[in-house]
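Notes follow once the structure below has been shown.
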Amino acid sequence: MSGRLNNRVAIVTGGASGIGLETSILFAQEGANVILADISFEGAQKGAKIIEERYPNVKAIAAKTDVGKEADVKAVVDLAVKEFGRLDIMFNNAGIMHPEDDNALNTEERIWDLTMQINLKGVWWGCKYAILAMRQNATDENKGLHVGGSIINTASFVALMGAATPQLAYTASKGGVLAMTRELAMVHAREGIRVNSLCPGPLQTPLLMDFLNTEEKKERRRVHLPMGRFGEAVELAKAALFLASDDSSYVTGADFAVDGGLSKAYVTPI
Ligand code: NAD
């Protein structure tokens, strides 16, 4: 353990599964106290238990949070401040990919609205309450504690490139995350609050694998992947750790692609 996040306090939304779970574990390994905020309280509790067993020097708390509800997002930030006195890292990572999300003609408005509510508004609220909490860290400068904070928003490679296998609402929501993140990064740059997007490529997590439920659907995508494989959640967790820690102290407003080269691909190796 190298302690890159010693004394830091992190909230990870979607912390019960996939990227969020692996990141919560890695943040704890690096010394952070972590709140795993997820709509699945049971899943978040399981994650918190793993952390407490492996890393007894830090505290992990499970919080039942629906990021599609502003009051829930505010409550989890309040919880961080109440339990730990501060918030240093906000990983707005929870997101959905609805099975009925399709092209412009077939996507129903209720699917569009639900996707925006969680994937885009949820990230906005996460940023809003994190910024308010991180502003309070300014007074900690002379105590040797971290000033400001790091906000990381999970977007997607589909915000960077078009896919002929459409999920229009999802793609639009992630494009919104990228644009919003850049602007927030500029607005808060002089407050010591860094805001970056993480753009994962296609991963072996329940979110995508439940959707790609046949070998044919998987192969339709795999052929376009330069490395010839889907990514692993832990590979995104390592990138999130970089963005959360002082290793990225001069990085803000980035669209940080961790996609095995997918967004740079024209012709891929056979
Ligand atoms: P996952 O399905 O493994 O985990 C998502 C977690 O979010 C789950 O624990 C789920 O319970 C939680 N969640 C869902 N709705 C929520 C809500 N309203 N409030 C709080 N929590 C909620 O998925 P993952 O692959 O780890 O995805 C994490 C993020 O990465 C998402 O934003 C997703 O869009 C993005 N992403 C994933 C991929 C991929 O291929 N898996 C690619 C690009 C981007």
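Here the structure is a predicted model, which means the values were calculated and not measured. These numbers come from the heavy atoms of this one structure, side chains and all, not from hydrogens, waters or symmetry mates. Atoms within a ligand are numbered from 1 in the order they appear, just like the ligands themselves.
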Sorted by chain and residue number, the residues with a non-hydrogen atom under 4.0 Å of ligand 1 are Gly14, Ala16, Ser17, Gly18, Ile19, Asp38, Ile39, Thr65, Asp66, Val67, Asn93, Ala94, Gly95, Ile96, Ile118, Thr154, Ala155, Ser156, Tyr170, Lys174, Pro200, Gly201, Pro202, Leu203, Thr205, Pro206, Leu207, Leu208
Suppose we screen for salt bridge (charged side-chain N to carboxylate O under 4.0 Å, His left out). Which residues come up paired with Lys121, at least two apart in sequence or across chains? none
Partners passing salt bridge (charged side-chain N to carboxylate O under 4.0 Å, His left out) against Arg54 (at least two apart in sequence or in another chain): none
Distance-only side-chain donor-acceptor flag, Asp259 / Ser263, under 3.5 Å: yes
Are side-chain N/O atoms of Ser248 and Arg194 paired as donor and acceptor at under 3.5 Å? yes
Does the distance from a Lys or Arg side-chain N to an Asp or Glu carboxylate O, for Glu70 and Lys128, drop under 4.0 Å? yes
Please go through Val187's hydrophobic cluster and name the other residues, only I, L, V, M, F, W, Y counting, with side-chain heavy atoms under 4.5 Å joining them. none
